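Counting starts at 1 for both ligands and their atoms, following the listed order. The model shown is predicted, which means the values in this text are computed figures rather than measured ones.
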Amino acid sequence: MSRSNHHLVRVTALLILALPAIASADEVWLSSLDLTKMRQGWGEPHSDQSLMEGPITIAGRKFERGVATHAKSTLWLELDGEVTEFLASVGVDDTAAGGTASVEFIVAGDGKSLWRSGVMHHGDESKDIRVDVRGMRSLLLLVMPTDDGVNFDHADWAEARFLYDGAAPVAIVAPREDPVILTPKPGPAPRINGPGVYGCRPGNPFLYRVPTTGVRPIAFTCDNLPASLSLNTEMGIIVGTAPERGTYEVMLRAKNHHGEASRSFRIVSGDTLALTPPMGWNHWYAHYNRITNAMMREAADIMVSSGMADVGYQFVSIDDCWMNAEEYDDPLRVGPPRDANGNILPNQHFPDMRGLTDYIHAKGLKAGIYISPGPRTCAGFAGSYGHEAQDAKQFAEWGFDLLKYDLCSYGEIIGSSMTVEALKKPYILMGGLLKQQPRDIQMNLCEYGLGDVWEWGKEVGGQSWRTSGDLGFELNRIFDVALANAKHAEFSGPGSWNDPDYIQIGYIGDARTTGMPTPCSLTPNEQYAFMSLWCLMASPLFYSGDMSRLDDFTINVLCNPEVIAIDQDPLGKCAPVIPLAEETFAMVKDLEDGSTAVGLFNPGEFAVPITLTWVDAGLSGVRIVRDLWRQTDIGEFSGKFEATGGRHGVVMVRMSRPDKDS
Ligand code: GLA
């Protein structure tokens, strides 16, 4: 109904006083609202159709209209206080024939539950709802899975509609908290950050920029540096040749007009690289097939100027689309894959690969590159298949320090026989070749967790491996993705990292459309939770957003050295998950100094108190609790710790014994 018609109806209603109240209201179908804002556990919401694209049917009864979704499903609506009623018939769709379907429908207004269906199973008759929502400003339509999991939880809001007097309800992604910056800016005095331990291979080139916050100029010095290494005292960059096999305890020092700092740094020259999870930036989720040499250099500049390098970000990594394709929209990316000798050719956006890595290295940073073991990359560019040895040598000669090896078209080579042996083969080949190069090159296995890669990624020469598909497609499921990744905790350790994909906050492009970067849809609470989860899991920390548009809030989430220290802890533990009340859970991570990092997470839709008892956490005695995001001590606790977890939020703390820990 148009706005003018709406007024006409109101006037008429006033004149004919005897009309029932409902006649004065407009009506809008839920299925006509913007359902792209709906979040759900599987598939996409469907309007006036079941998830399987037939008619909406509950216990044999067909409905013309409605919204089909899948638990867990949330749809938030903004109301103007003049929406009067929400009506619907709800139930599990008949297409959920697997037998285990069971859900609960919940309608909540302004943070309080207004109506609950109770548990509904496949085959149960629909339940009619008529909920008074007068005066409400926000409404949540929620479908929760039950204890039997989410399989087949096809849930219908059939005949769902609103009656309203003012404006129609508007679907929103979620109510957004204010983007409060919790982390204090670094002080003027030096503070040395980054890992306490660093792995290298004897005789290879060595490069390490000492991550240090504080006002420049800073004078760097160090004690006990192996003779084959030297420190640039102005820039704080250690270069040279990795020493003979052995462990070297170095003391790093930094001094400026405001104070001084020191920190021990253990160099372990041996077989293992990435003794702590690699940190850096990768271009993919910001720039996709638009990446150029100039953008890579700009990212390296900003890694330093933004302060990211001062808290430990190190790799500047190019992803797909640097090679030639046979056909492509952008003619500068089209050309022969290789020269007459079979050497791979970068496309015209990358005129000088060695120049690019020299530029990155001159800042004390490291360079990452990408290719597929198949004939083509995921985006259709030249792959390594049949040229692996040449490519490994080329990457080393160009000066790269990390290779992301992305399975993609290798499926064409192994066909349907995706056995573990077949999946391992290209990685054994490339892992061996990289080890033979006269420089340290890490390998990131990107094969989306196939063949339980966490069980063999290290043995084939990898330091990290993706445990799932592309997170860009699943950003609304960061808790689920993290919980799945955390299941492989036992495979986490020095030189062995489960990789749940990149941190995508700030400005990122939509992975579905590979569009231009826009502000990410994650709420501030979700962004704090994202970074906290990744650090507690000892995940590689690669930011993948537009470096040229980093704002203060994004920097605050990415660059808190006390939070990053949890990720970089030398023990390399991935925190086990401890389920708590309702949907809340804790992650509890043992740290090298005997203290414990704890994240209290609330994936639920409303703020709730979260209590972690010492019994659940395996703790004892008194603990000094420090809020890591705010960098403040909260107090001493014994027996339990309780905090309020905001919607999709986290409270992240470090717990130390008063006597033992610094
Ligand atoms: C795959 C990977 C992504 C990215 C793209 C590039 O989808 O999983 O991380 O590298 O390929 O095409």
Chemist: Flag the pair D391 and R338 as a salt bridge only when some basic side-chain nitrogen lies within less than 4.0 angstrom of an acidic carboxylate oxygen.
Modeler: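 Answer for the salt bridge query: yes.
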
Chemist: Could K72 and E605 be called an ion pair, given the rule that one side-chain N must be under 4.0 Å from one carboxylate O?
Modeler: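 Yes, charged N to carboxylate O under 4.0 Å.
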
Chemist: Which residues satisfy the salt bridge (Lys or Arg N to Asp or Glu O under 4.0 Å) test with D567, sequence neighbours excluded?
Modeler: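 Result, salt bridge (Lys or Arg N to Asp or Glu O under 4.0 Å) vs D567: none returned.
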
Chemist: With a 4.0 angstrom cut-off on heavy atoms, strictly below it, pick out the residues next to ligand 1 and order them by chain and number.
Modeler: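 If the criterion is a heavy atom under 4.0 Å, then ligand 1 touches W284, D319, D320, Y370, C378, A379, K404, D406, C446, Y448, R466, D470.
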
Chemist: Would the number of heavy atoms belonging to other residues, nucleotides or ligands and lying under 6.0 Å from NZ of K424 be above 12?
Modeler: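 Above 12, so yes.
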
Chemist: Applying ring-ring contact (aromatic ring centres under 6.0 Å, His included) as the test, list every pair that has at least one member in residues 338-393; sequence neighbours left out.
Modeler: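 Sorted result for residues 338-393: Y328-F381.
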
Chemist: Under the disulfide (SG to SG under 2.5 Å) rule, collect the residues that match up with C378, sequence neighbours excluded.
Modeler: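 Applying disulfide (SG to SG under 2.5 Å) to C378 gives C408.
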
